[in-house]
2 protein chains.
Amino acid sequence: MAEQTTGARPTLEAVAARAGVSRATASRVVNGGAGVRAPLVDKVRQAVEELGYVPNLAARTLVTRRNGAVAVVIAEPEFRIFSDPFFQEQVRGISRELTSHDSQLVLLWVESPGDHDRIARYLGGGHVDGALAFSLHDEDELAAVLRRAKIPTVLGGRPTDGIGPDMPYVDCDNRGGAREAVRLLVDRGCRAVAHLAGPRDQTSAVDRADGWREALGDPDPALLGHGDFTAESGARAMAGLLDRRPDVDGVFAANDLMASGALRVLRERGLRVPEDVAVVGFDDVASIAERTDPPLTTVRQDIEGMGRLMVRLLMHLLHEHGSGAPAPDPLITPTTLVRRASA
Amino acid sequence: MAEQTTGARPTLEAVAARAGVSRATASRVVNGGAGVRAPLVDKVRQAVEELGYVPNLAARTLVTRRNGAVAVVIAEPEFRIFSDPFFQEQVRGISRELTSHDSQLVLLWVESPGDHDRIARYLGGGHVDGALAFSLHDEDELAAVLRRAKIPTVLGGRPTDGIGPDMPYVDCDNRGGAREAVRLLVDRGCRAVAHLAGPRDQTSAVDRADGWREALGDPDPALLGHGDFTAESGARAMAGLLDRRPDVDGVFAANDLMASGALRVLRERGLRVPEDVAVVGFDDVASIAERTDPPLTTVRQDIEGMGRLMVRLLMHLLHEHGSGAPAPDPLITPTTLVRRASA
DNA sequence: GCCCGCTCTGAGAGCGCTCTCTGAACTCGG
DNA sequence: CCGAGTTCAGAGAGCGCTCTCAGAGCGGGC
């Protein structure tokens with residue numbers, strides 16, 4: 001019956017009693033100690049130490065209405081997303097930035113559609129101050145969940161139109177980067193600049209294709225190949241392209257993986273890169289772009305930076321909450337062209 | 001100044017008022033509705049629906065002292081652990097089991113040593129009911145953090161002795177599996193059964209080596225090669241082994257990756273598998289064991305099952321909390337030998 | 001018809017914390 | 001030496017919920 005054995009954690013009350021002050025003063029010290037005289041601060045600190053006091057977050061959250069945690073919601077049913085270097089870097093950026101805001105990263109991931117309820121409850125229940133989610137699709141129920149939870153949310157990657165325009169997001173300048181890539185090819189003298197596009201249901205792919213179209217004015221539709229961001233699809237699209245337009249002398253691929261597939265096909269067909277055909281990729285994923293033959297000229301996006309930006313945007317949302325300030329504009333990070341040998 | 005725009009979420013009080021019942025009754029309904037007559041249940045349910053009521057978890061946690069969330073703590077400073085299929089499967093098991101216990105998985109990961117404080121605060125603050133962590137090492141400060149947080153914890157993989165014997169863990173029967181592997185080799189007539197061991201500071205590697213030693217009685221130390229769980233190290237260890245004991249005719253590798261390295265070296269040396277040298281691995285990671293040449297005979301462990309077990313053990317801990325029941329024994333899952341062509 | 005006992009509901013006391021508001025103590029100018 | 005101003009500590013009221021406890025209502029046994 002020894003009460004002491006059970007882990008009855010000390011409360012602020014106990015700390016205050018031991019330090020000989022009121023609960024209010026103890027609270028002040030625990031939360032920074034502003035406005036409390038030094039000797040009292042020391043006494044309270046010591047009591048905290050001796051008792052091994054740790055604030056009860058639930059109690060604190062109940063009154064402050066914030067809890068220093070942000071959810072990162074992964075919609076991908078496949079865990080494989082974790083092996084994606086893109087995702088890894090972005091999460092790293094998020095994690096670092098959150099740390100500097102003294103917030104905790106809580107990774108939630110939706111494995112099956114049935115998880116939506118649970119996630120919604122978690123999000124809506126006030127376990128976290130806000131949420132970050134990645135590239136939502138039209139049919140994605142997660143968007144609805146996030147919206148229903150009425151929780152401040154920032155998206156990574158421009159959502160499709162079906163999601164609605166009101167969700168703030170961070171994305172890189174896909175269109176501008178694409179334009180720059182195309183311009184490089186044009187400037188080096190390419191006459192027939194093709195594009196190997198990514199999946200039509202991903203805004204990043206669509207925006208890049210738009211950039212290509214913009215930079216070229218009104219390009220021959222035959223110069224457009226389609227793939228799905230895989231190397232294999234890039235190879236296939238490249239092969240089709242060469243059949244349709246053998247005169248192609250510049251290729252802008254929607255990502256590095258597709259570019260690597262294209263390079264392979266070009267090599268097989270005996271075409272020299274960049275002499276006969278110049279190639280530019282997108283993403284600048286080190287493990288790909290630096291290892292192709294020849295090394296890939298590509299459009300780099302600051303992935304970690306985008307992660308950090310997502311957090312900053314969210315923090316902004318959280319703090320503006322009181323004022324009636326309008327939702328901030330989507331944040332678009334610039335891209336830079338990384339010139340290697342392929343163009 | 002319109003108050004209504006801010007998301008002042010409805011409270012139980014509001015639900016009760018709308019349903020014309022007391023807060024207590026509303027609470028009962030929200031929590032299952034046991035002991036409330038049907039008409040009232042319906043009225044409350046409807047009020048919940050109309051108001052879009054979602055319970056405030058902080059308030060609930062404050063009084064119930066549980067919050068339906070379990071932390072999975074990743075010590076690995078490198079994010080790369082996420083690409084490890086072993087880890088992926090284990091987390092999948094954990095996730096599924098937690099779902100069936102109506103608990104939320106919160107993934108915390110320690111990127112830099114400085115994160116320990118933050119993690120400790122999070123864990124200690126009562127954000128989660130318990131924690132799961134993976135194979136801790138002696139020098140791992142995480143063990144200390146977990147212990148200081150006084151939070152029920154279950155480990156994946158037997159911890160090193162330095163961690164202390166009081167932390168419950170789930171592991172597969174490394175030793176038994178190893179014995180079985182060796183026995184298979186002996187039974188098929190191998191006279192000189194070698195072992196390619198993994199890193200000495202990982203208990204799984206140590207236990208497997210012990211199993212090899214046990215099954216063989218007192219094997220020639222020259223039959224023991226060392227590696228670090230990579231294919232490369234397996235190749236190196238195999239090469240050294242062949243130099244020391246050219247008569248080796250059976251090899252038990254500490255994991256599939258090392259076995260694949262060993263197979264490569266054997267092929268290079270013109271030795272046939274399994275005719276000249278039989279090889280057995282450990283883990284049965286599909287992406288490796290099924291694709292070696294010849295396909296690898298190996299010891300399978302039920303990784304997802306281990307994840308589930310970790311959760312069950314933790315739940316047990318949480319519920320036994322009141323009673324003075326002793327910590328349950330470590331849970332060891334059995335292994336099974338998967339016979340393919342290499343032995 | 002009365003009382004006992006059962007089921008169901010409501011009142012109210014916290015859970016541990018923050019934060020406002022009041023008042024005490026102290027400083028300093030006149 | 002007194003009053004105004006300033007700093008700092010404490011009292012107390014919640015935050016939204018759960019849960020105990022008591023009482024209301026009702027049926028059945030004698």
Side-chain angles (χ1 to χ4, degrees), chain A residues 3 6-45 47-48 51-68 121 124-127 129 150 321-322, chain B residues 3 6-45 47-48 51-68 121 124-127 129 150 321-322:
Chain A
E3 276 282 318
T6 48
R9 286 193 344 206
T11 69
L12 235 209
E13 188 80 52
V15 172
R18 187 178 191 102
V21 301
S22 73
R23 214 170 55 243
T25 299
S27 174
R28 275 189 275 260
V29 171
V30 168
N31 290 295
V36 180
R37 259 174 316 191
L40 279 197
V41 169
D42 287 348
K43 265 203 275 189
V44 173
R45 289 253 159 85
V48 165
L51 260 35
Y53 169 76
V54 180
N56 179 320
L57 258 16
R60 176 179 290 176
T61 297
L62 184 56
V63 32
T64 60
R65 277 135 201 304
R66 48 170 321 248
N67 40 31
R121 243 177 309 151
H127 265 312
D129 298 324
K150 286 187 195 149
H321 194 252
Chain B
E3 274 286 315
T6 49
R9 288 194 341 207
T11 71
L12 234 208
E13 188 80 51
V15 172
R18 187 179 191 100
V21 300
S22 73
R23 213 169 56 244
T25 298
S27 173
R28 275 188 275 261
V29 172
V30 168
N31 291 294
V36 179
R37 259 176 314 194
L40 281 197
V41 170
D42 288 347
K43 263 202 277 187
V44 173
R45 289 252 159 83
V48 165
L51 260 36
Y53 170 75
V54 179
N56 179 320
L57 258 15
R60 175 179 289 176
T61 297
L62 184 57
V63 31
T64 60
R65 274 130 205 307
R66 46 170 325 249
N67 41 31
R121 242 177 310 151
H127 265 311
D129 298 324
K150 285 188 196 146
H321 195 252

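Heavy atoms only: backbone and side chains are in, while hydrogens, waters and symmetry mates are out. In what follows, chains carry the letters A, B, and so on, assigned in the order in which the sequence lines appear, proteins first and then strands, with residues in each chain numbered from 1.
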Trainee: Once you round to the nearest 0.5 Å, how far does OG1 of A:Thr64 lie from CG of A:Leu57?
Mentor: 8.5 Å
Trainee: Choosing from C:dC17, D:dG10, D:dA9, which nucleotide comes nearest the side chain of A:Val36?
Mentor: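 The answer is D:dA9.
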Trainee: Here's a test of your reading of the structure: between B:Leu62 and B:Gly20, which maps to the more 5' nucleotide of DNA chain C?
Mentor: B:Gly20
Trainee: Taking only N and O in the side chain of B:Arg65, is any of them less than 4.0 Å away from OP1 or OP2 of C:dG16?
Mentor: yes
Trainee: Please determine if a side-chain N or O atom of B:Asn56 lies less than 4.0 Å away from the OP1 or OP2 oxygen of D:dC15.
Mentor: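 Negative; the distance criterion is not met.
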Trainee: Within the structure, does a side-chain N or O atom of B:Arg37 lie under 4.0 Å from either OP1 or OP2 of C:dT9?
Mentor: yes
Trainee: Starting at CZ of B:Arg28 and ending at P of D:dT18, how long is that distance when rounded to a whole Å?
Mentor: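 These atoms are roughly 11 Å apart.
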Trainee: Given that B:Val63 and B:Thr25 both sit by DNA chain C, which one's nearest nucleotide is further toward the 5' end?
Mentor: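 The residue mapped nearer the 5' terminus is B:Thr25.
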Trainee: Between A:Ser27 (side chain) and A:Arg23 (backbone), is there a donor-acceptor pair under 3.5 Å?
Mentor: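 Answer holds: no.
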Trainee: So B:Leu57, base contact, sugar-phosphate only, or nothing? Heavy-atom distance under 4.0 Å.
Mentor: nothing
Trainee: Any donor and acceptor pair, going by atom type alone, linking the side chain of B:Asn67 with main-chain N or O of B:Asp129 inside 3.5 Å?
Mentor: yes
Trainee: It should be established whether A:Thr11 places a side-chain nitrogen or oxygen under 4.0 Å from OP1 or OP2 of nucleotide C:dG16.
Mentor: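 For C:dG16, OP1/OP2 do not have a side-chain N/O of A:Thr11 under 4.0 Å.
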